[in-house]
There are 2 protein chains.
Amino acid sequence: MAKHEPDLSLIFHALSDPTRRMMLARLAQGPAPVTELAAPTGLRLPTVLRHLAVLEEAGLISTAKDGRVRSCVIIPEALAPVQTWLDAQRHIWEVRLDRFDDYVMTLMKERANDDP
Amino acid sequence: MAKHEPDLSLIFHALSDPTRRMMLARLAQGPAPVTELAAPTGLRLPTVLRHLAVLEEAGLISTAKDGRVRSCVIIPEALAPVQTWLDAQRHIWEVRLDRFDDYVMTLMKERANDDP
DNA sequence: CGTATAGTTAGCTGTATGGCTAAGCATGAG
DNA sequence: CTCATGCTTAGCCATACAGCTAACTATACG
């Protein structure tokens with residue numbers, strides 16, 4: 001029940017594995033049972049289940065059991081924190097670029113004063 | 001010289017550590033020597049150096065030694081693959097939403113036909 | 001009921017990760 | 001030259017990770 005709060009470390013770690021990204025890509029097209037997710041990976045079921053657990057702990061997917069089949073669904077909002085972090089990084093970087101512009105401007109002004 | 005090709009796994013892994021994200025955030029504001037990056041972390045230098053190595057292998061930063069000081073710089077373009085991946089994910093998801101819309105429409109039409 | 005199907009759990013293995021200390025090397029200041 | 005500074009290398013340790021097999025549970029189906 002506990003809706004894991006978005007933890008960037010968990011999310012990034014979950015995304016750092018090709019197998020998990022593959023699964024996510026598959027799930028982005030619609031829900032799927034565990035076996036279907038396992039098939040293209042060539043991995044054994046227990047391994048796949050652990051990958052799914054990582055994705056679920058990161059809040060990227062949600063799973064529910066219906067009969068003997070566990071169906072997995074992607075949670076698209078879970079990627080929002082990543083986008084937010086990216087935007088923030090970019091923002092800081094742009095500010096830095098602005099500062100650099102200012103710095104260049106200052107240099108030019110000084111040079112203009114030094115050498116009128 | 002070898003410009004590491006952007007490997008999502010390496011990048012995501014590099015970003016999955018809070019310490020490394022902290023360093024990146026600091027570097028986003030401008031270049032810094034190793035010791036300055038180490039200070040706020042409370043970690044020992046060798047540890048910090050390994051974090052830097054991870055960031056550098058992921059292509060997120062570049063370092064160069066000037067005298068006895070190694071200066072670290074962020075490489076903002078390195079985050080582009082992440083943004084691209086995010087966009088792609090979102091795109092697939094939106095297509096899926098569209099399909100879902102279609103599905104609902106189909107349902108409604110069928111229902112309309114079943115129960116005129 | 002009996003059996004095939006779909007997960008699940010337990011537990012093993014080798015490698016990677018993140019932290020440390022200790023000792024080494026190179027450079028700038030005096 | 002000498003020494004402090006700033007990084008570097010080597011190597012140790014504990015934990016986490018990704019993979020596996022083997023054995024178990026639980027639900028459908030005939």
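Here the structure is a predicted model, which is why all the values come from computation and not from measurement. Naming convention: chains lettered A, B, ... in sequence-line order (proteins, then strands); numbering from 1 in each chain. Below, all heavy atoms of this structure are taken into account, side chains as well, without hydrogens, waters or symmetry copies.
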Next item on the list: Choose from D:dC20, C:dG18, D:dT8 the nucleotide whose nearest atom is closest to any side-chain atom of A:P46.
Entry: D:dC20

Next item on the list: Measure from the side chain of A:K65, starting at C-beta and using heavy atoms only, and say which of C:dG19, D:dA18, C:dT8 lies closest.
Entry: C:dT8

Note to self: I need the CG-P distance between A:L49 and D:dC20, as an integer number of Å.
What the structure shows: 13 Å

Margin query: Rounded to whole Å, please give me the gap between CZ in B:R50 and P in D:dT9.
Written below: 12 Å

Notebook entry, point to check: Within the pair B:H51 and C:dG19, is there a side-chain N or O less than 4.0 Å away from OP1 or OP2?
Noted result: yes

Item checked: Gap between atoms CZ and P, on A:F12 and C:dT17 respectively (whole Å) -> 17 Å

Margin query: When you measure only distances, ignoring hydrogens and angles, does the side chain of A:R44 come within 3.5 Å of the base of D:dG19 through a donor and an acceptor?
Written below: no

Item checked: A:D17 vs B:V34, nearer the 5' end of DNA chain D by closest nucleotide -> B:V34

Item checked: Length of the line joining B:L43:CG and C:dT17:P, which is rounded to integer Å -> 17 Å

Item checked: Option among A:H91, A:Q83, A:Q89 that satisfies the side-chain contact (heavy atoms from CB on, under 4.5 Å) test with A:D87 -> A:Q83

Notebook entry, point to check: Which residue, A:R20 or B:V69, contacts DNA chain D at a nucleotide closer to its 5' end, judged by nearest heavy atom?
Noted result: B:V69

Checklist line | Side-chain N or O of B:T47 closer than 4.0 Å to phosphate OP1/OP2 of C:dG18 | finding: no

Check: What is the distance, rounded to the nearest whole Å, between atom CD of B:E57 and atom P of C:dA16?
Finding: 12 Å

Notebook entry, point to check: Can you name the nearest heavy-atom pair linking A:P40 to A:L37, along with the distance?
Noted result: CD-O, 3.4 Å

Notebook entry, point to check: Does CZ belonging to A:R90 count more than 12 external heavy atoms closer than 6.0 Å?
Noted result: yes

Notebook entry, point to check: Is there a donor on the side chain of B:R68 or the base of C:dA26 sitting less than 3.5 Å from an acceptor on the other?
Noted result: no

Next item on the list: Rounded to the nearest angstrom, tell me the gap between atom CG in A:L45 and atom C1' in D:dC24.
Entry: 14 Å

Next item on the list: For B:L52 and D:dT9, give me the distance from atom CG to atom P, rounded to whole Å.
Entry: 13 Å

Checklist line | A:Q29 versus B:I92, closest heavy-atom pair with distance | finding: CG-CG2, 3.6 Å

Item checked: Residue of the set B:L15, B:I11, B:D17 for which side-chain contact (heavy atoms from CB on, under 4.5 Å) holds with A:F12 -> B:L15

Checklist line | Euclidean distance, atom CD of residue B:E56 to atom C1' of D:dT8 [Å, nearest integer] | finding: 14 Å

Check: Is the phosphate of C:dT8, meaning OP1 or OP2, less than 4.0 Å from a side-chain N or O of A:R70?
Finding: yes

